[in-house]
Amino acid sequence: MEINITAAAVEKINERTEGRKGYLKLKYDTDGCGCAVNGVVALWFVPEIADDEIAIETNDRTVYVEKSKMIFFDEQMKIDFSQVANCFQLKSPQQILNGHMSLIMKEKTDCSI
């Protein structure tokens, strides 16, 4: 899997995470979606990584993905930031996986990490 982070996305990620320690994660979130194949990709900044997460080296920083959820991602992806929509976007050459992603800041006390 290959992930590229655009300059606009790097700038916004750095702005949001400044002074915090943690890891960037692409989360295939199925909460409230009905079943495991009906999910949405979310961008999380988490204080810890889980044992089942795979490290993907990018042009900027390591991004983590749950090994069991890698099937829901494309082989080549780009994390971008849209100034017009004021949100992150996850795209591949084949599709837009999420055109309106927020960067969700997770804390150690969040039980859903």
Side-chain angles (χ1 to χ4, degrees):
M1 181 181 294
E2 179 183 322
I3 300 173
N4 185 5
I5 305 175
T6 66
V10 168
E11 182 179 329
K12 280 294 180 183
I13 291 167
N14 289 340
E15 183 181 297
R16 293 278 316 273
T17 62
E18 185 176 355
R20 295 178 185 241
K21 291 186 181 190
Y23 307 91
L24 196 61
K25 175 178 177 176
L26 280 174
K27 170 77 172 162
Y28 187 77
D29 195 359
T30 57
D31 286 348
C33 295
C35 72
V37 295
N38 292 329
V40 63
V41 179
L43 188 61
W44 285 11
F45 190 76
V46 298
E48 300 171 342
I49 53 171
D51 292 338
D52 69 335
E53 293 177 340
I54 303 293
I56 309 294
E57 298 301 325
T58 74
N59 59 307
D60 178 64
R61 67 184 70 209
T62 304
V63 174
Y64 293 87
V65 178
E66 292 169 280
K67 186 176 181 177
S68 63
K69 304 293 196 250
M70 288 182 70
I71 191 167
F72 298 110
F73 295 99
D74 290 339
E75 189 57 36
Q76 293 182 329
M77 296 181 296
K78 174 173 47 175
I79 298 172
D80 197 4
F81 185 83
S82 169
Q83 299 291 342
V84 174
N86 193 33
C87 63
F88 291 92
Q89 300 176 327
L90 183 63
K91 307 173 186 177
S92 77
Q94 295 81 22
Q95 64 183 323
I96 296 176
L97 290 110
N98 189 341
H100 291 89
M101 267 192 323
S102 297
L103 176 56
I104 299 168
M105 309 299 282
K106 291 290 188 174
E107 303 295 331
K108 278 190 177 191
T109 56
D110 288 345
C111 61
S112 60
I113 295 176

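Keep in mind that this is a model prediction, so the values were computed, not measured.
Note that the CG atom of Asn98 and the OH atom of Tyr28 stand 11.0 Å from one another [nearest 0.5 Å]. Put simply, CD1 on Ile13 and CG on Asp60 are 7.0 Å apart, with the number rounded to the nearest 0.5 Å. One distance of note links CD1 of Ile104 with NZ of Lys25; it measures 11.0 Å at 0.5 Å rounding. Between the NZ atom in Lys78 and the CG atom in Asn4 there is a gap of 7.5 Å [rounded to 0.5 Å].
In summary, Glu107 and Arg20 engage in a salt bridge, as defined by a charged side-chain N under 4.0 Å from a carboxylate O.
The two residues Ile79 and Ala9 have their closest heavy-atom pair at O-CB, 3.5 Å. Minimum interatomic distance between Met101 and Cys87 (heavy atoms only, all atoms of both residues): O-CB, 3.6 Å. Here the closest non-hydrogen pair linking Phe81 and Thr6 is N-OG1, 3.9 Å. Scanning all heavy atoms of the two residues, the minimum distance from Tyr64 to Glu53 falls at CB-OE1, 4.2 Å.
Sequence neighbours left out, the pairs with a member in residues 89-103 that pass salt bridge (Lys or Arg N to Asp or Glu O under 4.0 Å) are Asp80-Lys91.
The same ILVMFWY cluster, assembled from side-chain heavy atoms under 4.5 Å apart, contains both Ile54 and Phe45.
At a threshold of 4.5 Å between non-hydrogen side-chain atoms, the residues Ile5 and Val63 count as touching. Counting heavy atoms from C-beta outward, Leu26 and Ile3 have side chains that approach closer than 4.5 Å. Counting heavy atoms from C-beta outward, Arg61 and Thr17 have side chains that approach closer than 4.5 Å. By the 4.5 Å heavy-atom criterion applied to side chains, Phe72 and Val41 are not counted as neighbours.
A distance-only check finds a donor-acceptor pair linking the side chain of Arg16 to the backbone of Leu103 [under 3.5 Å]. Side-chain atoms of Glu75 come within 3.5 Å of backbone N or O of Met1 as a donor-acceptor pair.
For Ile96, the CD1 atom sits in a loose shell: 12 or fewer heavy atoms of surrounding residues, nucleotides or ligands are nearer than 6.0 Å. Counting heavy-atom neighbours within 6.0 Å of Gln94 CD, excluding the residue itself, gives a total above 12.
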- Query: Taking it one step at a time, do Leu43 and Leu90 satisfy side-chain contact (heavy atoms from CB on, under 4.5 Å)?
  - Reply: CA-CA 9 Å; Leu43 188 61; Leu90 183 63; over 6 Å; no

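Judged as a side-chain contact (heavy atoms from CB on, under 4.5 Å), and not counting sequence neighbours, the contacts of Gln95 are Asp74, Ser92, Leu97.
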